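None of these values were measured; they are calculated from a predicted model. So that the names make sense, note that chain A is the first sequence line, chain B the second, and so on, each numbered from 1.
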2 protein chains.
Amino acid sequence: MAESDGNSAKRPTIYDLAEIAGTSPSAVSSILNGTWKKRRISEKLAERVSRIATEQGYAVNLQASLLRRERSRIIGMIVPKYDNRYFGAIAEQFEIMARARGLFPVITCTQRDPDLEFEAARELISYQAECLIVTGATDPDRIGEFCAAAGVRAINLDLPGSNAPSIVSDNFTGARDLTALILSRIERDFGVIQPLWFIGGRGRDHNTAERLRGFKAAHRQIGLSVLPDRIIMPGYSPHKAIAAMGTKTLADRSGLFVNSTITLEGVIHWLNEQRHGSGDIRLGCFDWDPFAALLPQNVGMIEQNVPAMLEATFELVETPPTGNVRLKIPCILRGIDNYPVNP
Amino acid sequence: MAESDGNSAKRPTIYDLAEIAGTSPSAVSSILNGTWKKRRISEKLAERVSRIATEQGYAVNLQASLLRRERSRIIGMIVPKYDNRYFGAIAEQFEIMARARGLFPVITCTQRDPDLEFEAARELISYQAECLIVTGATDPDRIGEFCAAAGVRAINLDLPGSNAPSIVSDNFTGARDLTALILSRIERDFGVIQPLWFIGGRGRDHNTAERLRGFKAAHRQIGLSVLPDRIIMPGYSPHKAIAAMGTKTLADRSGLFVNSTITLEGVIHWLNEQRHGSGDIRLGCFDWDPFAALLPQNVGMIEQNVPAMLEATFELVETPPTGNVRLKIPCILRGIDNYPVNP
DNA sequence: CATGCATGCTCAATCGATGTAGCATCGTTG
DNA sequence: CAACGATGCTACATCGATTGAGCATGCATG
């Protein structure tokens, strides 16, 4: 970044304002931080100093202020991506709810990169965050360990860890219900009962494992067993999904369980290329997207209950739990009955 | 937030580490911030202190560090929402590019609320941000004025202001080209040449005004004039779009210019309710969304060139311009030819 | 053996805001 | 008129990291 011009005035401090107003820095400080009544500063001086502060474009130096205060009221969050509705909603709701509680939210995006996750966590702690919400981290325990050593509280959101309280969706039940829905729609629309494909995610990832467990449970419930070669876990990005599916052939009347909206992008791309565009496929997707819901093949989406998850998060923030809780928040199944695709 | 437990150790400082290591705080400081070679600290001591720092979970207190340093390297950004691909991409790219330049990005989301925008800007300046990227602000000049008074550089992104350099998409050309595309598709698919509807945004909003200008220019180009009662500007949110359209009747073979993906959500909802689902409508939308692109009625989307916009932004960050530049970044028209909707 | 220089550290002032302790002035009361 | 309380301020230490100045030691050189 360019050095600030020599001529452009430096940011004014309480010492500058005190000199202009002909008073002391202490008075200025207490006037600007609202404690002036308690300190018996006259209304007259308070008004004059406030006016000068506005004129000079004063903004408190939080570095200095927070250094002196015992609490920062900063609450940090790391999120992996901003490229889908789920994490977007988490970030937005988090900021709103934090502000409503008089806290200062700071969010950092970490690109699903374990090292960047760790560096970002360290950075937020350096900012004196009093609490860290670790969202969708690939290695939450590494961060949890550091937080513990630094004496900062950590809460895992979306993906659980073993050394800090965790709040996750009930992935098993959500996936089981979505799988059951897809299976029943295939039967209704195509008249066939057959195992589905599972596409997206990583096998070591807790949520993917849980969803696969739900996926299998729903199959078992109607006497089907899952075919191992129909489980494709190449990660989350669209192009990885496309590459992984490139090797497969998908019969008509197939059903797909798609593990995330970002994977769904790749899946749809692939289906369109394979001329599977129309009525010969049914799919459901874990996570909600308003436009994806309109895809003609789509029979249902799982919406994770972001407000409930964050409500639970802030409850843990406000009253730290004893022991290592793991909360499961039920998901919302949004069944879809789009216009008929087989006219 | 709950007070930190009395028993949990406070965060260690360089003084704590110095005592443990049996050395001075200065030595510890220089070892941990990388200036120790210049200060002729022995490798042996450096290693020992580093080890102790790791053991103790030390993280530098940025409040103290930044207070002393002359530069913060913090670069702030405010964005209105995280609920669409455009702002999500801006936020994500901004963080990546800032980090690549050795800067510390801090982003705040302001809900399109002018007061919150201003408060957030003030807060970022209080964090000692050296530069503020003001994205999609409803009142950028208010923030620009404050930044000028505080001696902090501001750059307007997405929506222009009059007192700071601005980087905006070429909304006029983008809208004109998209409008021309929709008009030509209506002629091709329906055999009619008629004015389109314009839906979404606010009339006083610069981008909406520019897009409307492009919308009108494209009509003029083929000898049509725009009908004033077909211009609906109720804001951006889906439910506002639905409410505003509730009063209108849309003939078959109509064409719609939709001003944002978030408005499009409401439009699609309304169309489906009105049983306009299938092949009797064509629309185009300003802003890109991968799933919205698959809507059968959709004939094209404008993708704003986020990488180019941020490239230009960081160029301004690095070499502050003289005078009040306003850069226009061309958009990308993504024409879509979805599977036939009139089988 | 005095001098110079390199090595390996420590000391202390500093950044800006905060808050406790304290000072000066004024009016009131016994 | 002394004592006291209220009013309206100021002085100063403090938070943790940084950094220029400086100190002590060891070794080499004339």
Identify, with sequence neighbours excluded, every residue that meets ring pair (Phe, Tyr, Trp, His ring centres under 6.0 Å) alongside A/Y86. none
What does B/T13 touch in the nucleic acid at a heavy-atom separation under 4.0 angstrom: a base, only the sugar-phosphate, or nothing? sugar-phosphate
Watson-Crick or G-U pairs under 3.5 Å in DNA chain D, rendered as dot-bracket with [ ] for crossing pairs and | for another strand: ||||||||||||||||||||||||||||||
All side chain to side chain contact (heavy atoms under 4.5 Å, CB included) counterparts of A/P307, not counting sequence neighbours: A/N305
C/dG19 C1' sits how many Å from A/R69 CZ, rounded? 11 Å
With sequence neighbours left out, the residues meeting salt bridge (Lys or Arg N to Asp or Glu O under 4.0 Å) with A/E145 are none
Quick check: B/F314 with B/F94 (ring centres under 6.0 Å apart)? yes
Ion pair check, B/E47 and B/R51, cut-off under 4.0 Å: no
Counting only heavy atoms and a strict 4.0 angstrom limit, can you tell me which residues of residues 14-24 of chain B come near DNA chain D? B/I14, B/Y15
In chain order, what residues pass the ring pair (Phe, Tyr, Trp, His ring centres under 6.0 Å) check against A/F146, with sequence neighbours excluded? A/F118
Taking salt bridge (Lys or Arg N to Asp or Glu O under 4.0 Å) as the definition, give me every residue that meets it alongside B/E311, ordered by chain and number, with sequence neighbours left out. B/R101
To the nearest angstrom, how far is A/E70 atom CD from D/dC15 atom P? 12 Å
Which residues share a salt bridge (Lys or Arg N to Asp or Glu O under 4.0 Å) with B/R99, sequence neighbours left out: A/E123, B/E95
Please list, by residue number, the residues of residues 52-67 of chain A whose heavy atoms come closer than 4.0 Å to an atom of DNA chain D; answer none if no residue qualifies. A/L67
Strictly below 4.0 Å, N to O, side chains only: are A/R73 and A/E130 in salt-bridge contact? no
Contact check, side chains of A/Y58 and A/I14, non-hydrogen atoms, under 4.5 Å: yes
Return yes if the base of D/dA11 and the side-chain atoms of A/S26 contain a donor-acceptor N/O pair under 3.5 Å, otherwise no. yes
Near DNA chain C, which residues from residues 36-45 of chain B have a heavy atom under 4.0 Å away? B/R39, B/R40, B/I41, B/S42, B/L45
With sequence neighbours left out, write down each residue that passes salt bridge (Lys or Arg N to Asp or Glu O under 4.0 Å) with B/D115, or none if nothing qualifies. B/R142
When you look at B/T135 and B/D158, which way does the side chain to side chain donor-acceptor pair (under 3.5 Å) test go after all the steps? CA-CA 6 Å; B/T135 310; B/D158 182 59; over 6 Å; no
Name each donor-acceptor pair under 3.5 Å that joins a side chain in residues 18-31 of chain A to protein atoms two or more places apart or in another chain, with its distance.
residue: A/S24; atom: OG; partner: A/A27; partner atom: N; Å: 3.2
residue: A/S30; atom: OG; partner: A/S26; partner atom: O; Å: 3.4
residue: A/S30; atom: OG; partner: A/A27; partner atom: O; Å: 3.0

